[in-house]
Protein chains: 2
Amino acid sequence: MDKTYIRAEILRALGQPTRLKIIDFLRDGERCVCEIFPAISEEQSNTSRHLSLMVSSGILSRRKEGVKIFYAVKRPEILTIVDLATTIMAQEITGRHEMLLAA
Amino acid sequence: MDKTYIRAEILRALGQPTRLKIIDFLRDGERCVCEIFPAISEEQSNTSRHLSLMVSSGILSRRKEGVKIFYAVKRPEILTIVDLATTIMAQEITGRHEMLLAA
DNA sequence: TTGTTATATGATTGATTAGTCATATAACAA
DNA sequence: TTGTTATATGACTAATCAATCATATAACAA
C-alpha cells in the first residue's frame, strides 16, 4: 500500500516497448486480443500477458463479449503521459543532435 | 534508434520506487548526491547508480562544482508525468474502494 | 455431441535489474 | 606531501522480467 510503489508500478507498466505498442494501437478505441496481437506483430500468449499486466496496473480496462475480450485505455491521463514521453524524446534527440553539431 | 524503445526507456526510468523518491526530492531544485542519499535513506552507491541511469535516460541533468555533483530534474514534463501517475493512482484507489463498498 | 475460435496460463529460459560491499578516482585542505 | 570528503564503479547475488511453446479453458456453431 506504499504510494511511491503504486505510482512506480503505473509508470513501469507504461515503460516497455511491447506495451507501448499496444497502447498506441488502442488510441482509437477498444480492440479485442485477436486484433491487437497481429497489429503489433507479437505472439498471442505474450500479448495476453502484457494485457493482463496492464489491467492489474490500472492502465487498461477489460470487457467480455462472447468469446472475445475487448481491451481499452482506462484513463485519458495514460495517453497524456505517453505523449509527454514523446515530447521528451524529441527534445532529447534534438539536444543530442546539437551536441554533435557543436563538437 | 527505435522511437518506441526510447519512449519506453524514459518511462521505465521513472517507474522505480527509489528513482521516484529521488525525483520527488529534486522538486525544489538541484541537490548533490551527499544530500540526496540520506534524504531517501538509500546507500550512496545505489543512489549514484540510479542517478546515472536517469541522466542517460534524459530525466536528470548533472552539474559539477568542486567535489560535489549536483543533479536536477531536466525538464518540467518529467514532473507532469509523475503528477499524472499520482492522479491515476488516486483514481485507482477510489475505484477499488467503491468496488469493496458495492460488494 | 464434436469441432473451431478466442483467450489465458503453466513451465521454462535467457536477460535484465536493484542492491550491496569493497574499492577506485577526483577535488580540495592542511 | 598526507588526509579527508564526495562520487563512481567492478564484482557479485537474488529477484524479476519478457518471451516462447504447449496446453487448458471457455464460448459458440454445426
Handout entry: N/O donor-acceptor pair under 3.5 Å between B:Glu43 side chain and B:Ser45 backbone
Key = no
Exercise for the section: Give one of base, sugar-phosphate or nothing for B:Phe37, where a contact means two heavy atoms less than 4.0 Å apart. Expected result: nothing
Exercise for the section: Please name the pair of heavy atoms, one in B:Val33 and one in B:Pro38, separated by the smallest distance, quoted to 0.1 Å. Expected result: O-CD, 4.1 Å
Completion exercise
Re C:dA22: Watson-Crick or G-U wobble partner, both distances kept under 3.5 Å, found to be D:dT9
Handout entry: Geometric cation-pi criterion, A:Arg31 with A:Phe25: 6.0 Å, 45°
Key = yes
Practice task
Verify the contact: side-chain N or O of A:Ser52 to OP1 or OP2 of C:dA8, cut-off strictly under 4.0 Å; return yes or no.
Solution key: no
Practice task
Answer yes or no for B:Arg63 and B:Tyr71: cation-pi contact, defined as NZ/CZ to six-membered ring centre under 6.0 Å and angle to ring axis within 45°.
Solution key: no
Exercise for the section: Round to a whole Å and report the spacing from CE of A:Met54 to P of C:dA8. Expected result: 12 Å
Exercise for the section: Figure out the CD/P separation between A:Glu9 and D:dT16, and round it to whole Å. Expected result: 13 Å
Practice task
Kindly say if B:Lys68 contacts the phosphate of C:dC28, meaning a side-chain N or O under 4.0 Å from OP1 or OP2.
Solution key: no
Exercise for the section: Measure from CD on B:Glu65 to C1' on C:dC28 and round the result to the nearest Å. Expected result: 13 Å
Practice task
Return no unless some side-chain N or O of B:Arg31 is found under 4.0 Å from OP1 or OP2 of D:dA6.
Solution key: no
Exercise for the section: Could you check which of C:dT7, D:dA8, D:dT20 has an atom nearest any side-chain atom of A:Val33? Expected result: C:dT7
Exercise for the section: Just compare C:dT20, D:dA26, D:dT7 and give me whichever is closest to any side-chain atom of A:Val67. Expected result: D:dA26
Handout entry: Distance test, side-chain N/O of B:His50 to OP1/OP2 of C:dT17, below 4.0 Å
Key = no
Problem - Watson-Crick/G-U partner (both atom distances under 3.5 Å) of C:dA30 - result: D:dT1
Exercise for the section: Would you indicate, yes or no, if D:dA6 has its OP1 or OP2 atom less than 4.0 angstrom from a side-chain nitrogen or oxygen of B:Tyr71? Expected result: no
Exercise for the section: Answer yes when B:Lys74 and A:Glu92 have at least one side-chain N-carboxylate O distance shorter than 4.0 Å, and no when they do not. Expected result: yes
Handout entry: Nucleotide paired to C:dT13 in any strand shown, Watson-Crick or G-U, under 3.5 Å
Key = D:dA18
Problem - Touch class at under 4.0 angstrom, heavy-atom based, for A:Gln44 against every strand present - result: base
Handout entry: Rounded interatomic separation in angstrom, taking CG from A:Leu53 and C1' from C:dA8
Key = 14 Å
Fill in the blank from the handout: Rounded to whole Å, CG of B:Asn46 lies from P of D:dA14 at a distance of 17 Å
Exercise for the section: Output yes when at least one side-chain N/O atom of A:Arg12 is less than 4.0 Å from OP1 or OP2 of D:dC17, else no. Expected result: yes
Exercise for the section: Counting heavy atoms from C-beta on, name the nucleotide in C:dA8, D:dA26, C:dG19 closest to the side chain of A:Lys64. Expected result: D:dA26
Completion exercise
note: B:Ile40, atom CD1; C:dA18, atom P; distance rounded to Å ~ 13 Å
Practice task
Please tell me which of the listed nucleotides, C:dT7, C:dT20, D:dT7, lies nearest to the side chain of B:Arg49?
Solution key: C:dT20
Practice task
Please name the residue in the list A:Asp24, A:Asp83, A:Leu14 that meets the side chain to side chain contact (heavy atoms under 4.5 Å, CB included) test with B:Arg7.
Solution key: A:Asp24
Completion exercise
Regarding the side chain of A:Thr18, the nearest nucleotide among D:dT7, D:dA19, C:dT7 is D:dA19
Exercise for the section: Ignoring backbone atoms, establish whether B:Arg62 has a side-chain N or O less than 4.0 Å from OP1 or OP2 of D:dA8. Expected result: yes
Practice task
Look at the side-chain N and O atoms of B:Arg19 and state whether any lies under 4.0 Å from the OP1 or OP2 oxygen of C:dA18.
Solution key: yes
Problem - Nucleotide C:dA27, atom C1' - distance to CD1 of B:Ile69 in whole Å - result: 10 Å
Exercise for the section: Figure out the CD/P separation between A:Glu42 and D:dC21, and round it to whole Å. Expected result: 12 Å
